[in-house]
Amino acid sequence: MSVATPYHDREAIFSFWPRHNETLLKRLESKDAWLSTRRGIEVSRVEDALEHEMTLNIGPQHPATHGVLRCVVKLDGERIEKCVLDIGYLHRGIEKLAESKTYQEFMPYTDRMDYLSPYANNVAWCMAVEKLANIEVPDRAQWIRMIMCELARISSHLLWLGVGLMDAGAVSVFLWTFQGREDLYSIFDEVSGARFTVSHSRIGGLATDLSPTAIAMIRDFATRYEEIIKGWQKLLNRNRIWIDRNRDIGVISKEEAIELGLTGPNLRGSGVPYDIRIFEPYLKYNEVDFTIPIREEGDCLARYHIRVEEMLESIRIINQCLDRLPEGPIRTDDAKKAYPSKDEVYYSMEGMIHDFMYTETGVAPPKGAASYHAIESPKGELGFYLESDGTGCPWRARLNAPSFTNLQGLESMMEGHPVADIVVLIGSIDPVMGEADR
Amino acid sequence: MPETLKFHFTPVDEARAEEKNVHEKASTNVADTVEVLQGQFPGAIAKVSVYAGEYTAFVKRESLLQVCTALKETLGFTYLVDLAGVDRFCEDAPRYEVYYAIVNLDTGKRLRLKVLVDEEDAVVPSLTGLFKAADWNERECYDMLGIRFEGHPDLRRMYMPEDFAYHPQRKEFPLLGIPGSLPLPPRVPEGELTMDPFAAARSGSPAKSYQEPKGEDA
Amino acid sequence: MNSTTGYLTTTVDAVVNWARSNSLMPMPMGLACCAIEMMAFGGPKYDVGRFGSEAMRFSPRQADLMIIAGWCSYKMSHAIRRVWDQMADPKWCIAMGACASSGGMHRCYGVVQGVDNFMPVDVYIPGCPPRPEAVIHALMDIQEKIRNEYSVTQDYTSGQKEIVELSARPGSLTVEGRKVALDASSLADA
């Protein structure tokens with residue numbers, strides 16, 4: 001294996017990843033437009049005397065790319081002929097990091113994957129480990145997890161709505177939705193002590209119970225925001241500018257969506273009723289009453305409708321959860337599988353030893369165990385595939401990131417649209433680069 | 001596990017298939033599909049392992065494409081959810097394995113296939129012809145583990161820049177990386193450092209630490 | 001006669017610094033989770049418009065304060081350095097959060113262990129992520145720093161420019177004819 005060392009040469013002038021850019025451009029040149037191979041549509045060429053072909057680089061530092069996405073597009077006039085996405089600008093090797101952490105230690109890293117809805121990631125990780133190590137979770141913890149997951153879904157969709165509208169030109173909606181996020185932050189602050197990187201879920205249960213204040217705050221949020229979200233629907237559903245920017249943009253049919261592997265609202269926007277909450281119910285989703293919004297159109301407008309309706313469904317779920325929240329413990333009472341309660345730790349020797357051992361080694365699933373557990377995060381199917389070697393650290397922790405698969409679809413979706421629609425398209429796909437880049 | 005590693009608290013017991021898992025899902029019970037595959041392609045499936053109610057079929061590398069084609073076209077497993085590589089890093093068997101998670105949306109079933117790959121001959125047939133969703137996942141697997149996918153149209157690195165020469169997910173790659181393998185920008189700009197913010201307006205050029213791309217007319 | 005049109009005396013430095021410090025235009029280099037807190041910092045509740053910095057400029061040419069929010073990978077570092085070089089002087093930089101300051105929890109092959117490895121940083125904010133109050137505090141620190149600068153008299157005299165040159169012997173630096181010791185060995189010689 002040869003190591004590239006042009007940079008060790010002090011005389012060489014620094015430039016931006018020369019070999020990387022070269023392959024990227026080569027790929028752009030050699031690529032077949034998916035539009036013409038799959039759909040048989042020839043991208044019409046603008047014939048004029050002026051030069052109309054152009055290769056344009058967007059990102060990685062561009063406000064509309066929602067992070068550090070880089071698109072290299074080949075333009076024909078204003079239409080995108082082909083597009084190559086380049087990700088990895090936030091890559092830190094989270095799967096590699098997991099291999100040197102205990103299961104509980106890895107929890108804060110999951111907060112920073114999809115940082116718009118950290119609680120959902122916490123729960124996804126906990127449930128994956130619980131499946132691997134066969135740990136039972138008390139009922140109350142499951143109901144609370146559900147409440148918090150749905151709050152996380154709302155907070156993620158709120159940011160998507162605000163930022164998506166800001167990209168389309170409506171700046172004031174960002175201020176309104178961010179006010180909603182601030183209300184959610186104060187709930188998370190009350191529940192866990194952090195504004196959004198909560199790390200509140202624990203393997204085998206939760207860190208702390210909900211305080212009466214927190215429950216009152218959640219109830220208040222649920223009642224107020226049902227009206228507010230409906231108000232936004234009134235503003236946007238018949239808004240001429242918003243509809244014109246979104247309708248028939250990035251149309252993906254049902255078959256294409258499955259073939260591209262889209263997940264979450266993007267898949268449901270094309271008419272595929274795939275939601276993990278229904279497909280393989282986790283927590284107590286089979287006991288509450290809710291519907292998953294589905295649209296057939298498969299364009300940006302359909303995805304918008306789905307996300308806003310999902311927020312309303314989430315509020316419905318939260319209300320049911322609050323009504324049915326049972327009393328009981330919030331963590332499983334097995335010190336080999338979950339942290340003992342602080343009372344035990346402070347007042348008994350046994351408890352302290354267990355607490356220490358749990359921090360030191362943690363839960364140890366049997367050797368050779370391998371399992372996959374997915375939850376429906378706001379972005380789609382968020383799954384962890386874990387393999388154990390019998391120690392306290394995972395042998396292999398694989399993160400199946402919804403943003404990653406959705407971005408892959410975006411590459412094909414962009415083709416044939418004007419440059420101005422890139423902004424709306426990225427917004428409607430709703431990628432989070434921290435998750436996509438692992 | 002090497003003898004030198006001693007874990008005091010850890011009970012190293014083997015995973016047992018018959019143990020009842022509280023999180024077991026009905027969707028992962030695909031015994032019938034595995035049976036159909038075994039009947040259709042005798043010898044293609046080397047082993048079937050079960051843990052937590054999840055079926056994993058170890059497919060031989062030569063028959064991976066056949067099996068996946070049958071899964072997609074006749075058995076209805078059309079939706080590729082995940083694809084990744086695992087570094088097993090042990091002496092007794094092939095070093096890598098690639099796992100595929102495929103979902104049947106009609107019957108609501110989830111199947112996992114695995115292919116074992118030798119270190120010397122780390123090549124797997126690409127599934128991009130069947131599932132377009134495999135494209136980026138295979139690139140990621142190539143980037144992280146160095147497993148090559150035969151027939152992939154665009155086997156570039158997914159995350160790391162092409163100027164990087166290693167495959168970081170391999171177990172022997174240090175977590176902190178290899179110094180010098182990824183260059184940082186220079187600390188100080190190239191050229192003479194002036195405190196003049198209007199250097200370009202006067203005579204010289206402002207100090208830059210990067211090379212401006214040359215324009216067409218330059 | 002009592003006049004309503006008084007006058008006050010000041011220095012050009014003070015006026016320029018006052019103007020600069022109260023109209024910092026941040027260039028939000030939003031990389032990861034800290035970017036969300038940076039949005040909150042510009043958002044309705046924490047409203048950084050009170051400090052004159054509500055105008056986030058995504059173009060480096062129009063900005064003079066870079067806020068690096070989030071962990072910086074090696075791949076991204078080149079882009080950050082490039083954007084930083086494109087910003088016009090005078091410019092300042094805030095490394096927001098533990099990851100940007102020191103690599104933080106991401107101690108691994110992909111992440112630069114602190115952005116000060118390749119660019120100058122004025123203020124570091126601890127926290128993972130820091131609360132918006134902390135970012136406002138950092139902004140006030142930058143303002144304080146600007147108010148104490150000799151912005152006109154020292155930096156921008158292009159005619160009689162300040163001479164910073166390396167003398168022939170490495171390890172010693174001459175500033176305006178004064179010899180400045182850089183390390184212990186050169187101290188001993190002087």
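In what follows, chains carry the letters A, B, and so on, assigned in the order in which the sequence lines appear, proteins first and then strands, with residues in each chain numbered from 1. In what follows, every heavy atom counts, from backbone to side chain, and hydrogens, waters and symmetry copies are set aside.
- R438(A) and Y159(B) share a donor-acceptor pair across their side chains, judged by distance under 3.5 Å alone.
- Contacts of Y89(A) with chain B are absent, with no heavy-atom separation under 4.5 Å from either backbone or side chain.
- Atom CH2 of residue W136(B) and atom CG of residue L85(A) lie 4.5 Å apart, to the nearest 0.5 angstrom.
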Does the salt bridge (charged side-chain N to carboxylate O under 4.0 Å, His left out) test come out yes or no for K171(B) and E99(A), once each step is laid out? CA-CA 9 Å; K171(B) 289 278 178 185; E99(A) 287 166 10; 3.2 Å; yes

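- Residue R157(B) does not touch chain A at all, counting heavy-atom pairs closer than 4.5 Å.
- Looking only at heavy-atom pairs under 4.5 Å with chain B, the residue among E387(A), K131(A), H373(A) that has the most is K131(A).
- Residue P281(A) touches chain B through its backbone alone, counting heavy-atom pairs closer than 4.5 Å.
- Here D82(B) contributes atom CG and F404(A) contributes atom CZ; the two are 9.0 Å apart, rounded to the nearest 0.5 Å.
- Within the 4.5 angstrom heavy-atom criterion, atoms from both the backbone and the side chain of N137(B) approach chain A.
- One N or O on the side chain of Y79(B) and one on the backbone of L262(A) form a donor-acceptor pair closer than 3.5 Å.
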Go through it in stages, so that I can follow the logic: the residues are K26(A) and R156(B), the test is side-chain contact (heavy atoms from CB on, under 4.5 Å), and I'd like the CA-CA distance, side-chain angles, deciding distance and then a yes or no. CA-CA 11 Å; K26(A) 216 181 279 172; R156(B) 288 178 293 131; over 6 Å; no

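- In this structure a side-chain-to-backbone donor-acceptor pair under 3.5 Å is missing from E95(A) to Q169(B).
- Heavy-atom distances place the side chain of H91(A), and not its backbone, under 4.5 Å from chain B.
- Ion pairing of R27(A) with E162(B) is absent here, as no side-chain N (NZ or NE/NH1/NH2) approaches a carboxylate O to less than 4.0 Å.
- For the pair Q408(A) and D135(B), the minimum side-chain heavy-atom distance is below 4.5 Å.
- Other residues, nucleotides and ligands contribute at most 12 non-hydrogen atoms within 6.0 Å of the CZ atom of F356(A).
- Interface remark: of the candidates L80(B), D154(B), L175(B), D154(B) forms the most heavy-atom pairs closer than 4.5 Å to chain A.
- Heavy atoms closer than 4.5 Å to chain B are found in the side chain of E381(A), but not in its backbone.
- Between V81(B) and Y274(A) there is a side-chain heavy-atom pair separated by less than 4.5 Å.
- In this structure the side chain of S371(A) never reaches within 4.5 angstrom of the side chain of H23(B), judged on heavy atoms.
- Residue A401(A): no heavy atom, backbone or side chain, is found under 4.5 Å from chain B.
- With a threshold of 4.5 angstrom between heavy atoms, I135(A) approaches chain B through N, CA, C or O but not through any side-chain atom.
- One finds a salt bridge joining E140(B) and R398(A) here, because a Lys/Arg side-chain nitrogen approaches an Asp/Glu carboxylate oxygen to under 4.0 Å.
- The backbone N or O of R88(B) sits nowhere less than 3.5 Å from a side-chain atom of R396(A) that would complete a donor-acceptor pair.
- The CG atom of L83(B) sits 10.0 Å away from the CG atom of N400(A) when rounded to the nearest 0.5 Å.
- Contact count against chain A (heavy-atom pairs under 4.5 Å) is highest for P161(B) among P161(B), S49(B), P168(B).
- Inter-residue side-chain proximity for M144(B) and K96(A) is flagged as unmet; no heavy-atom pair is nearer than 4.5 Å.
- Contact count versus chain A (heavy atoms, under 4.5 Å) is highest, among V22(B), V103(B), T78(B), T56(B), for V22(B).
- Residue F173(B) touches chain A through both its backbone and its side chain, counting heavy-atom pairs closer than 4.5 Å.
- A salt bridge is defined here as a Lys NZ or Arg NE, NH1 or NH2 lying under 4.0 Å from an Asp or Glu carboxylate O, and E411(A) with R139(B) fails to meet this definition.
- With values rounded to the nearest 0.5 angstrom, M158(B) atom CE is found 7.5 Å from D86(A) atom CG.
- Judged purely by atom type and a 3.5 angstrom limit, Y51(B) uses its side chain to pair as donor or acceptor with the backbone of L132(A).
- Of the two parts of T263(A), the backbone and the side chain both hold a non-hydrogen atom closer than 4.5 Å to a non-hydrogen atom of chain B.
- Here A133(B) is the residue among A133(B), G85(B), S27(B) with the most heavy-atom pairs under 4.5 Å with chain A.
- For chain A, the nearby part of A134(B) is the backbone; its heavy atoms alone come within less than 4.5 Å.
- A distance of 10.5 Å separates NZ of K109(B) from CD of E280(A), quoted to the nearest 0.5 Å.
- For T23(A), the parts sitting under 4.5 Å from any heavy atom of chain B are the backbone and the side chain alike.
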